[in-house]
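Presented below is the structure to which this report refers.
Every heavy atom of this structure was used, including side-chain atoms; hydrogens, water molecules and symmetry mates were not.
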Amino acid sequence: VAGPHRLRPGGRHLRRNFFHGNGFSIKNWNSTCPLFAYTSADGVVEDLTIDASCTLTANYAGNSQYYGAFVGYHRGLLTNCHVNANLVASGNWGAAEPHIGALAGRVVVGKIENCTVNGDVTFDNTLVTSGEKSYFGGAVGRVSNADGELKGISVKGNVSLSSGSTYSSSNANDAFVKYGGIVGQLAGTCTDCHLTEATKKFFYGNFVYGSGDPVENHYRTQQVGGIVGEIAEGGAVSNCNNYAAVTFNQYNGEVNGASGDVSRYLYAGGIAGQIYGDLSYCTMYGSLENRSSCLQQYIGGVVGNVQATATISNCANEGANIAAGTSGLGYYQARNNNIGGVIGVVVYQASNLFEISNCENTENGDILVTGKGNNMYIGGIAGYNYNCAHTNIVNRGDVTINAEFTGLLYVAGCLASPGLNDTDAKHHFTAENVTNYAPISINGHGATIYLGGVLGRASQGTLTNICNY
C-alpha cells in the first residue's frame with residue numbers, strides 16, 4: 001500500500017478474518033518474509049497486488065521453512081491476488097525442508113484461485129539446504145492435502161532453478177527435489193493453470209552446477225515439470241497448458257574435482273515430472289531441451305514417469321521439439337535414456353492394465369537425440385512401458401537418432417518398448433488404434449537395435465488396428 005502505511009510481514013496470522021485489498025497495490029516493499037505467515041481455514045486474502053517496485057527475497061535466516069509472497073502456510077482462501085515483483089530464493093536454509101512459491105509456500109486445505117505471477121521466480125545458486133526434501137514452484141511450493149485446490153493461476157514470468165543441497169545420509173535415494181512451473185508437489189487439484197505465452201523460460205539447470213565450481217548435491221531423485229513436479233496419489237491436474245521453453249540441464253558427478261554419482265534419477269516432463277495421480281486435458285506447447293548427465297533419465301513431452309496409481313488421458317504434445325544430448329555435462333552419460341513425445345516411462349506392475357488413451361504427439365513434437373549413451377528407449381509417444389492398454393494413440397512427430405550407444409536401442413514411431421521379453425502376465429500390453437505418420441532416422445552405431453514404425457520391441461501383447469504411414 002503506497003504512502004505512510006507500515007507492513008509487519010511474516011508476523012501476521014490471519015485467523016477468522018478477511019484482508020480486503022480493494023484493488024490496491026503494495027509498493028516499495030522490501031521483504032524476506034511472507035505478508036502473512038499463516039491463514040486459517042476461514043481466513044481470506046483478496047483483491048491485492050504486490051507491485052513491481054517491491055523486492056522479494058526468500059531466505060531462511062531462522063524463519064519458517066514456508067515462503068510465499070502472500071502466505072507462508074495456507075489453509076484459507078487467496079483470490080484475485082497478483083505478484084508483479086521478481087522473487088529470488090537464496091541463502092542457506094540449514095536442515096529446513098523449504099516450501100517456496102511466489103504466491104504461497106505450502107497449501108494444506110486451502111484454495112488459491114484467479115491469481116497471477118507476473119514477475120520472474122528464481123531459485124539462485126546461493127540457495128543451499130542440508131534438508132532431505134525441497135518443494136519449489138513458480139506459484140506454490142507444495143499442496144500437501146487432497147482438499148487443497150489451485151484454480152485459474154497464470155505464471156507469466158520466467159521460472160528458473162540453479163540451487164543445490166548438501167544432504168547426506170546412508171540412504172541417499174530418499175533425498176529429492178520436486179519443482180514445477182506452477183507447483184512443486186500436488187496432492188490436491190490443479191485446474192486451468194498455465195505457464196503462458198509470456199513465459200519465455202522454465203529452467204531446471206545444474207542443480208549442482210550454478211556459477212563457478214559445482215556444488216555437491218545429494219538429491220538423487222529430481223521430479224521436474226512445466227506445470228507440476230509430482231502429482232501425488234489422489235492428486236489431479238486438468239486443463240493446464242505450458243507455453244514456455246523448457247530446459248533440463250542437470251550436472252552429475254565431478255563434485256569438487258572428484259567423480260560422484262550424486263544426481264542419478266531425473267523424471268522430467270513438459271507438464272509433469274512424475275505422476276501417481278490423474279492427468280487429463282493438458283497440452284505442452286513449448287520446446288523442450290535436455291542436456292543432463294543423470295544416469296537414469298525419464299523425459300516426456302507431457303510427463304516423464306507414470307506410476308501404478310496414475311491415469312493419463314486426452315493429453316497432447318503440440319510443440320515440444322524434444323532435443324536430448326545424452327552425453328550431457330559432467331562425469332557421467334545416461335545409462336538408460338527413456339524419451340517419449342508424450343510419456344518417457346510407464347512402470348506399472350499390477351495385474352490389470354494401465355490405460356493410456358486419446359493422446360497425441362503432433363507434427364510439432366519432433367524428437368532429436370544426440371551424443372552418447374548406453375541403453376536408449378525412444379518413442380514418438382512413449383519410451384519404455386509395460387502392462388499398459390494403449391487406445392487411440394497418434395504420433396506425427398519425426399524421430400531422429402544421431403548418437404552412439406553401447407547397449408540397446410529401442411526406437412519406434414509410437415511405442416519403443418511396450419512389453420518385456422518374458423512370460424510374466426504383468427508384463428503384457430494391448431495396443432488398439434495406434435498410428436504413426438512420421439519418419440524415423442538413425443545415424444549412429446551401437447550394439448543392438450530394435451526398430452519399428454509403430455513398435456520397437458514387444459512381447460506378450462495384443463495388437464489391433466495398428467498402422468504406420
Side-chain angles (χ1 to χ4, degrees), residues 101 135-144 148 150 153 155 159 161 176-195 199 202-204 221-244 246-248 265-286 288 290 297-320 322 338-348 354-357 359-361 365 381-383 385:
Y135 305 90
F136 301 133
V140 177
R142 181 188 183 194
V143 177
S144 58
L150 308 179
I153 296 173
V155 172
V159 183
L161 185 153
F176 59 74
V177 58
K178 301 177 190 292
Y179 167 57
I182 298 293
V183 57
Q185 184 191 49
L186 178 80
T189 59
C190 179
T191 308
D192 297 318
C193 296
H194 312 288
L195 262 64
T199 305
F202 174 78
F203 180 79
Y204 175 78
T221 301
Q222 306 138 98
Q223 295 154 339
V224 184
I227 298 295
V228 56
E230 180 195 71
I231 305 174
E233 185 173 354
V237 174
S238 61
N239 297 301
C240 295
N241 301 322
N242 179 13
Y243 292 86
V246 172
T247 302
F248 307 126
Y265 303 100
L266 176 62
Y267 304 96
I271 299 294
Q274 180 162 271
I275 66 172
Y276 293 84
D278 300 330
L279 183 67
S280 61
Y281 296 99
C282 294
T283 302
M284 172 62 177
Y285 290 99
L288 190 155
N290 175 50
Q297 301 187 32
Y298 309 84
I299 312 296
V302 174
V303 59
N305 182 256
V306 179
Q307 292 290 332
T309 53
T311 63
I312 179 168
S313 62
N314 300 293
C315 292
N317 176 15
E318 289 277 3
I322 301 174
N338 308 272
I339 299 174
V342 175
I343 301 170
V345 174
V346 178
V347 178
Y348 187 64
F354 175 85
E355 295 185 0
I356 304 171
S357 61
C359 292
E360 181 177 2
N361 184 37
I381 296 295
N385 64 95

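- In this structure, the side chains of Gln307 and Gln274 come closer than 4.5 Å at one or more pairs of heavy atoms.
- Summarising the geometry of Thr283 relative to Glu318, their closest heavy-atom pair is CG2-CG, 3.3 Å, with the distance given to 0.1 Å.
- Remark: aromatic rings of Tyr267 and Phe248 are distant, center separation not under 6.0 Å.
- The shortest distance between side-chain heavy atoms of Ile182 and Leu195 falls below 4.5 Å.
- Considering CD1 of Ile227 and SG of Cys282, their distance stands at 7.0 Å, rounded to 0.5 Å.
- Between Arg142 and Ser144, the shortest heavy-atom distance links the atoms NE-CB, 3.7 Å.
- Judged by distance alone, with hydrogens and angles left aside, the side-chain atoms of Tyr179 form a donor-acceptor pair with the main-chain N or O of Phe203 at under 3.5 Å.
- Annotation: side chain of Leu279 is in contact with side chain of Cys315 (closest heavy-atom distance under 4.5 Å).
- For Thr311, the side-chain hydrogen bond (donor to acceptor under 3.5 Å, both in side chains) criterion is met by Asp278, not counting sequence neighbours.
- Between Phe136 and Val159, the closest side-chain pair of non-hydrogen atoms is not below 4.5 Å.
- The side-chain hydrogen bond (donor to acceptor under 3.5 Å, both in side chains) analysis of residues 231-244, with sequence neighbours excluded, yields no pairs.
- Between the side chain of Gln222 and the backbone N or O of Tyr265, at least one donor-acceptor pair lies under 3.5 Å.
- Between the CG atom of Asn290 and the CD1 atom of Ile339 there is a distance of 6.5 Å, given to the nearest 0.5 Å.
- Closest of all the heavy-atom pairs between Gln185 and Ala232 is NE2-CB, 4.4 Å.
- Just one of Asn305, Thr309, Ile343, Val306 meets the side chain to side chain contact (heavy atoms under 4.5 Å, CB included) condition when paired with Ile275; it is Val306.
- The closest side-chain heavy-atom distance from Ile153 to Val183 is not below 4.5 Å.
- One distance of note links CD1 of Ile381 with CG of Asn361; it measures 5.5 Å at 0.5 Å rounding.
- Between the NZ atom of Lys178 and the CG atom of Leu186 there is a distance of 11.5 Å, given to the nearest 0.5 Å.
- The nearest pair of heavy atoms linking Val303 to Gly273 is CG2-O, 4.1 Å.
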